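As a basis for the values below, the full set of heavy atoms in this structure was taken, side chains included, without hydrogen atoms, waters or symmetry mates. The model shown is predicted, which means the values in this text are computed figures rather than measured ones. First listed ligand is number 1; within each ligand, the first listed atom is number 1.
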Amino acid sequence: MSKLDHYTVFGHPINHSKSPRIHTLFAEQTQQKLSYEAQDVPAESFENAINNFVKNGGKGLNCTVPLKELAWQRADSLSERAKFSKAVNTLIVQKDGSLLGDNTDGLGLVADLTINHQISLLNSRILILGAGGASRGIIGPLMEKSPAKIVIANRTLEKAITLSDEFSELGDILGCSYDDIKEQQFDLILNATSASLTGDLPPLAETLLADNGVCYDLAYGNEPTTFVKWGLSHNAAKSLDGLGMLVEQAAEAFYLWRGVRPETANIIKLLNSER
Ligand code: NDP
């Protein structure tokens with residue numbers, strides 16, 4: 001009888017997490033023998049929790065709010081994209097017990113936009129709202145799709161500028177305040193703020209979304225988020241939330257751990273039907 005390999009997601013809060021369900025569905029689909037559980041880990045307990053997990057033979061873990069930067073610092077080695085993003089959402093326990101850090105958020109977002117929703121990013125004007133961990137993870141993979149430009153708007157201006165400076169070698173990236181973009185238009189607006197979690201919305205000009213533009217909220221919920229509603233009321237061609245991204249980033253993590261790529265479309269459909 002073969003024993004189960006153990007995986008987990010650390011975060012705080014974590015009880016809302018859909019990751020255990022998604023990875024259990026992936027494991028059933030690909031016939032992999034594994035368990036995946038959620039563990040409530042505040043930042044101050046991260047080091048202990050991770051050491052225990054590795055000591056007990058755990059094979060890999062995801063890290064979510066507020067642990068992605070800590071996971072980046074804790075990783076013994078980093079993938080190229082994780083190095084750049086300074087945020088890690090996936091850790092792989094190596095044979096010698098060391099931790100390899102990666103970030104699959106950006107790949108998940110790009111897969112959801114371009115494959116699941118057939119949205120072309122080539123030459124598009126992209127606006128990212130927010131300059132936190134999620135924004136860090138998505139800029140590199142978005143830039144690989146050759147958009148015309150990426151503008152990052154943030155409540156705390158310095159953070160947007162720091163981010164645009166760090167990624168400037170990838171292409172046309174500008175950090176600014178919400179006030180600075182009042183007169184501009186974008187083909188794709190990505191909400192990477194955590195404002196939706198409290199039903200809030202950054203201050204967005206009425207004319208911000210170009211004709212036929214798309215809105216995408218990285219956050220998701222059983223009901224449309226405040227930003228998804230904003231997109232719908234501003235004639236967005238599509239106004240989407242981040243459930244597809246969540247499944248796609250998980251599929252990428254599963255692939256890194258197991259070497260098998262799960263099929264995502266049916267799982268997204270299933271999770272959508274349960275909202
Ligand atoms: P962070 O805490 O790192 O960053 C939060 C960002 O939101 C900051 O830029 C902050 O601005 C901004 N913000 C918060 N509240 C407001 C507000 N009321 N008005 C304007 N700006 C605000 O969070 P993350 O980057 O880790 O996560 C951001 C979102 O992305 C979350 O909703 C998270 O759930 C989602 N996410 C979804 C994923 C998916 O797979 N679907 C994957 C990863 C993240 P300031 O700097 O001024 O404080």
Could you list the residues that satisfy ring-ring contact (aromatic ring centres under 6.0 Å, His included) with W257, not counting sequence neighbours? Y7, H23
How would you list, by chain and number, every residue that makes a side-chain hydrogen bond (donor to acceptor under 3.5 Å, both in side chains) with E169, sequence neighbours excluded? none
Can a salt bridge be assigned to the pair D105 and K68 using a cut-off of 4.0 Å between side-chain N and carboxylate O? yes
Under the side-chain contact (heavy atoms from CB on, under 4.5 Å) test against L107, which residue among Q249, E248, R81 passes? R81
Shell of residues surrounding ligand 1, defined by a 4.0 angstrom heavy-atom cut-off that is strict: V65, K68, D105, G130, A131, G132, G133, A134, N154, R155, T156, K159, A192, T193, S194, A195, L197, D200, L218, A219, Y220, G242, M245, L246, Q249
With distance as the sole test, does K238 use its side chain to make a donor-acceptor pair with the main-chain N or O of H117 at under 3.5 Å? yes
Which residues share a side-chain hydrogen bond (donor to acceptor under 3.5 Å, both in side chains) with D180, sequence neighbours left out: S177
